[in-house]
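Worksheet: one structure, shown below.
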Amino acid sequence: MKKYEKVRREDYEAWYRENREYREMVKADDSRLAYHLMPETGWLNDPNGLCQFQGLYHIYYQYTPFEPTGEIKLWGHYTTRDFIHYKQEEPVLFPDQDMDAHGVYSGSAYVEDKTIHYFYTGNVKLFDRDDYDYIMGGRVSNTIHFTSQDGYHFSAKELVMNHGDYPDDMSCHIRDPKVYKEGEFYYMVLGARDVHSKGMVLLYRSMDLKKWGYFNRITTDKTFGYMWECPDLFCLDGQLCLVCCPQGVKPMGTEYQNVHQCTVFCLDYDFRENTCKLKSQLPGMVDRGFDFYAPQTFLDEKGRRILIGWMGIPDADYTNPTVNAGWQHALTMPRQLHMREGRLLQQPLEEMRELRRDRRDYDFEELDKGVEPGLVFEGRISFVTCHDMCLTVRGDVTLSYENGLLTLDMGTCGSGRTRRSVPLERLTDLHIFSDTTSLEIFVNEGREVFTTRVYGSHPGMRMEGDCSGNGIVYGLNGFI
Ligand code: FRU
């Protein structure tokens, strides 16, 4: 595919027919994950349009099937009823119109009255203009709506907003619509960068999901990054939350260490008075690992707030080894969210238990000698006391707790990435999900999470230190 050319469904289908060998090459790669969603070939980034409709979960995602470094974006599609059996569906959305010619960018789904409403950003790059300016005039960001009665067949795309509808002090970077309902109104959040390169979220309001009027903006007093991507506004256990991805934030101690952040603000919003107050000007970090960005949440039919993230990061300053095998990136495991005492809690979705096999129980003396769970396993470690400890998770990836600091050290397995830490008053438990080339580590019942890809590591878990407790290890099956 050429870099800046529309891709119609027929173009993709012809390409797919001609590229069986490419698919076989990727399939044979031994760094493919066992229980995470990946692109069949090429590149994947943000989860999009997450929803459950008539029992079936739809997981769409930013997808470049053609090559592994991510150029023109389509929407790929997986479905599942139970988060254990997945079906890879045909891509659903193509950059085939003038209003989305250079990428069908991220967007979301809103389910109401037997209809799924989708909103996404149609990206048009103005790369051939004489006055090309990446920040101010380098692109047009169209907000586009379409609907479906089944998640597979779609209405025509309809432009609902573009630059004439955005505030005058915005740059051309406005994207990633997500809808939230409060009272009789629908609200749409859009990630934005203003003309002074201050990151923020624009809030629009509608009575019918069709006509949208500018309502407000949500941002910090002082600039916190130049662009806030992928905003998600939702109410969790009575607390209104804004999860978003500020770009260009400088590290502060252990905080905001990645090139781009994924953060959570708690807010007090009086929608009648239209007043918004952030509870803190410095948002919490959603994840502490090296590979986590652009998550999206949705409410399922059981009323659970579920989060899925991109297990990757934009503008990474390293080359992911899987690029050589023709693919790159994955989605995280689905996680259930809760809010406790102003803190976001993330826990692996209970359906993941269905993947377990071969439970083994260990006391800390046995763990001290070392155990061999393979690379695809779940480990639960509960501490009765923990003064300090060092857990070798696999090969030379370690997790250590010392002087109130929990540190993940990638050793030689981080593809150039080194360490990430979080201060913790106490360490009570670790819940580790290891896959062939990934680790998701839930700490203190999910108050902190480290999500990271890991390369070239070896099986083997061992724990030393001044601590007591017990461990349970399960082998995990791959998706069925
Ligand atoms: C976040 C992001 C979004 C954009 C999409 C394009 O990773 O940059 O802001 O819509 O990816 O793929």
Side-chain angles (χ1 to χ4, degrees), residues 1 3-4 7 39 42-50 59-77 91-95 99-109 118-125 127 134-135 138-144 161-162 166 170-179 188-193 197 199-202 225-232 242-249 258-263 286-287 290-297 307-316 320 328-332 451:
M1 294 294 149
K3 200 166 171 184
Y4 291 116
V7 181
W43 161 284
L44 162 155
N45 58 299
D46 317 353
N48 289 157
L50 302 181
I59 300 168
Y60 308 93
Y61 55 94
Q62 289 286 285
Y63 185 31
T64 304
F66 316 115
E67 42 78 42
T69 48
E71 295 288 351
I72 189 93
K73 302 289 166 58
L74 280 52
W75 275 29
H77 187 197
V92 294
L93 201 60
F94 295 85
M99 63 181 167
D100 60 16
H102 303 138
V104 289
Y105 272 17
S106 281
S108 53
Y118 301 86
F119 295 91
Y120 74 99
T121 300
N123 189 49
V124 183
K125 293 191 180 169
F127 54 91
Y134 176 77
I135 299 168
R139 63 178 70 186
V140 174
S141 306
N142 294 310
T143 303
I144 302 172
M161 279 194 275
N162 68 9
Y166 307 139
M170 291 300 130
S171 73
C172 64
H173 290 267
I174 295 181
R175 54 182 170 268
D176 311 333
K178 177 112 201 296
V179 170
M188 178 192 288
V189 281
L190 279 164
R193 170 179 189 154
S197 283
M200 60 187 62
V201 162
L202 301 179
Y226 56 77
M227 167 73 194
W228 291 9
E229 293 191 313
C230 298
D232 192 348
L242 173 70
V243 168
C244 61
C245 294
Q247 298 191 297
V249 174
N258 285 345
V259 55
H260 300 309
Q261 315 307 318
C262 177
T263 59
V286 177
D287 196 285
F290 291 94
D291 293 293
F292 185 88
Y293 197 72
Q296 193 172 90
T297 74
L307 173 145
I308 297 178
W310 171 24
M311 192 152 61
I313 202 135
D315 307 329
N320 199 323
Q328 185 164 205
H329 300 312
L331 297 180
T332 67
T451 300

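Read the numbers this way: they start at 1 and go in the same order the structure lists the ligands and their atoms. Fair warning: this is a prediction, and the values are worked out from it, not measured in the lab. Basis for what follows: all heavy atoms, side chains included, without hydrogens, waters or symmetry-related copies.
- Among protein heavy atoms, atom 8 (O) of ligand 1 sits closest to E229 OE2, 2.9 Å.
- Contact detail for M311 and L331: the closest heavy-atom pair is CE-O, 3.9 Å.
- Near N45, meaning under 4.0 Å from any of its heavy atoms, are these atoms of ligand 1: 5 (C), 6 (C), 7 (O), 11 (O), 12 (O).
- Ring geometry for Y293 versus W310: interplanar angle over 60°, hence perpendicular rather than tilted (30 to 60°).
- Checked options N123, N142, T121; the residue passing with Y105 is N123 (criterion: side chain to side chain donor-acceptor pair (under 3.5 Å)).
- A294 and C230 make their closest contact through CB-SG, 3.7 Å (heavy atoms, listed as atom of the first residue, atom of the second, distance).
- With ligand atoms numbered from 1 in the order given, ligand 1 contributes 5 (C), 6 (C), 12 (O) to contacts under 4.0 Å with heavy atoms of Q62.
- The OG atom of S106 sits 9.0 Å away from atom CZ of R175, with the distance rounded to the nearest 0.5 Å.
- Taking a cut-off of under 4.0 Å to the non-hydrogen atoms of Y293, the atoms of ligand 1 that pass are 1 (C), 7 (O).
- Some N or O of K73 is nearer than 3.5 Å to an N or O of ligand 1, by distance alone.
- At the shortest separation from atom 4 (C) of ligand 1 among protein heavy atoms lies D176 OD1, 3.5 Å.
- Of the candidates W75, Y118, Y120, W75 is the only one forming a side chain to side chain donor-acceptor pair (under 3.5 Å) with N48.
- Atom 7 (O) of ligand 1 has D46 OD1, 2.8 Å as its closest protein atom, hydrogens excluded (heavy atom only).
- Distances below 4.0 Å separate heavy atoms of Y105 from the following atoms of ligand 1: 4 (C), 6 (C), 10 (O).
- Among the atoms of W310, none of the N or O lies under 3.5 angstrom from an N or O of ligand 1.
- Within the listing of ligand 1, atoms 5 (C), 10 (O) sit less than 4.0 angstrom from a heavy atom of S106.
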Practice problem: I would like to know whether Q296 and D46 meet side-chain contact (heavy atoms from CB on, under 4.5 Å); could you show each step before the answer? | Solution: CA-CA 8 Å; Q296 193 172 90; D46 317 353; over 6 Å; no
